[in-house]
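Below you'll find the structure, written out as structure tokens, and then a few comments.
Chain identifiers are assigned alphabetically (A, B, ...) following the order of the sequence lines, protein sequences preceding nucleic acid strands; residue numbering begins at 1 within each chain.
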Number of protein chains: 2
Amino acid sequence: MNYVIDEVDKKILMYLIDNTRMPFTEIAKKMNVSAGTIHVRVKKLEEAGIIKGTTLITDYDKMGYQFVAYVGLLLTKTSKTQRVIDELYKIPNVTVVHVVSGKYNIFCKIRAKDTGDAKEVIYRIDQIDDVLRTESMISLEESFNDKNRLMHSIFQ
Amino acid sequence: MNYVIDEVDKKILMYLIDNTRMPFTEIAKKMNVSAGTIHVRVKKLEEAGIIKGTTLITDYDKMGYQFVAYVGLLLTKTSKTQRVIDELYKIPNVTVVHVVSGKYNIFCKIRAKDTGDAKEVIYRIDQIDDVLRTESMISLEESFNDKNRLMHSIFQ
DNA sequence: GGTGAAAGCACCGAGTT
DNA sequence: AACTCGGTGCTTTCACC
């Protein structure tokens with residue numbers, strides 16, 4: 001369970017975070033090790049659960065999903081948080097859910113096509129049992145820090 | 001610029017969102033088209049900017065980054081928002097930045113090793129010129145809705 | 001815009017050091 | 001734990017439809 005990643009693992013992760021389809025042979029060449037080594041390391045990182053999967057970085061805007069908002073949920077005192085989370089996940093527009101400390105009990109991120117679509121999503125959230133009320137914060141502009149920057153810091 | 005994605009594109013995107021390393025030959029077989037077609041379609045989706053890249057889904061916990069928080073920034077009236085965003089991006093722990101409407105001017109997500117690490121990150125944010133003050137919301141638990149669920153909805 | 005075949009590579013397991 | 005090597009299978013191109 002306590003897998004210790006070394007410098008070789010870190011470098012492999014750096015390359016694959018940028019491009020999961022970079023050939024192992026190319027990574028091997030850049031690192032002066034054999035392609036077989038890369039193969040074995042990647043398999044171990046997958047088995048250890050450090051690499052959980054691969055995915056595309058897609059442009060939501062270009063697919064018609066321009067609307068992003070964060071929604072804070074206030075629950076009743078007796079509510080089962082997990083049940084509310086399960087309900088949230090039935091709404092595909094809910095992309096991330098956090099249990100938080102502070103004003104809200106749950107805080108989530110939603111994506112929608114437009115304000116009309118978002119209204120429906122928020123209405124659905126409001127209708128979940130045990131949700132007292134919600135407060136939304138609309139994003140006017142979203143940008144991501146290059147994933148590599150955090151990784152550089154993680155990997156020193 | 002207005003690239004219209006058809007059913008073939010949608011299916012390819014669905015497969016690759018789950019696993020960017022799924023062989024084109026396998027996708028081709030599942031879809032009853034040739035591998036060459038998949039290749040050409042993927043290239044076009046990349047050129048159109050719909051596929052912006054590929055990346056790993058990694059376990060931040062297992063790499064020692066257990067701490068997640070959202071930070072709301074209140075700026076002075078005369079401040080240049082973009083300059084503050086640029087400053088935020090110099091901090092690798094800042095992963096997402098939003099310009100928002102409402103109580104805050106800017107809202108961002110941070111990842112840190114622990115509370116001590118987070119304290120430093122928030123201190124750095126507080127020190128940015130034009131930042132009047134910040135308010136943080138600590139995540140006690142983070143979970144992601146399967147990316148596929150939104151995509152299924154996007155792709156009907 | 002799609003196909004199918006062929007050449008060039010990459011993957012990945014087995015055996016070795 | 002990493003290397004080499006070889007069989008298998010993937011990618012990518014191109015002439016043709």
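Atom CD1 of Ile57(A) is separated from atom OG1 of Thr54(B) by 6.5 Å, given to the nearest 0.5 angstrom.
Salt bridge Glu46(A)/Lys43(A): absent, no basic N to carboxylate O contact under 4.0 Å. A salt bridge is defined here as a Lys NZ or Arg NE, NH1 or NH2 lying under 4.0 Å from an Asp or Glu carboxylate O, and Asp6(B) with Arg41(B) meets this definition.
Residue Ile38(A) contributes atom CD1, which lies 13 Å from atom P of dC12(C) at whole-angstrom precision. In this structure, the CD atom of Glu7(B) is 13 Å from the P atom of dG2(C), given to the nearest Å. Going from atom CD1 of Ile5(B) over to atom C1' of dG1(C) covers 18 Å, rounded to whole Å.
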(request) If a protein heavy atom is under 4.0 Å from the base, mark B; if only from the sugar-phosphate, S; if neither, -; do that for nucleotides 5-17 of chain D going 5' to 3'. (result) -----SBSB----

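Applying the salt bridge (charged side-chain N to carboxylate O under 4.0 Å, His left out) test to pairs two or more places apart or on separate chains, those with a residue in residues 95-110 of chain B are Lys103(B)-Glu135(B), Lys109(B)-Glu142(B).
Annotation for Lys11(A): atom NZ does not count as buried by contact number, only 12 or fewer foreign heavy atoms lying within 6.0 Å.
The aromatic rings of Tyr70(A) and Phe107(A) sit parallel to each other, their planes meeting at less than 30°, with 60° as the upper class boundary.
At dA1(D), none of the side-chain N or O atoms of Arg41(A) fall inside 4.0 Å of OP1 or OP2 (strictly under the cut-off). Contact annotation: Thr37(A) does not reach the phosphate of dA1(D) (side-chain N/O to OP1 or OP2, under 4.0 Å).
Residue Val33(B) places its side chain closer to dT3(C) than to any other of dA2(D), dA1(D), dT3(C).
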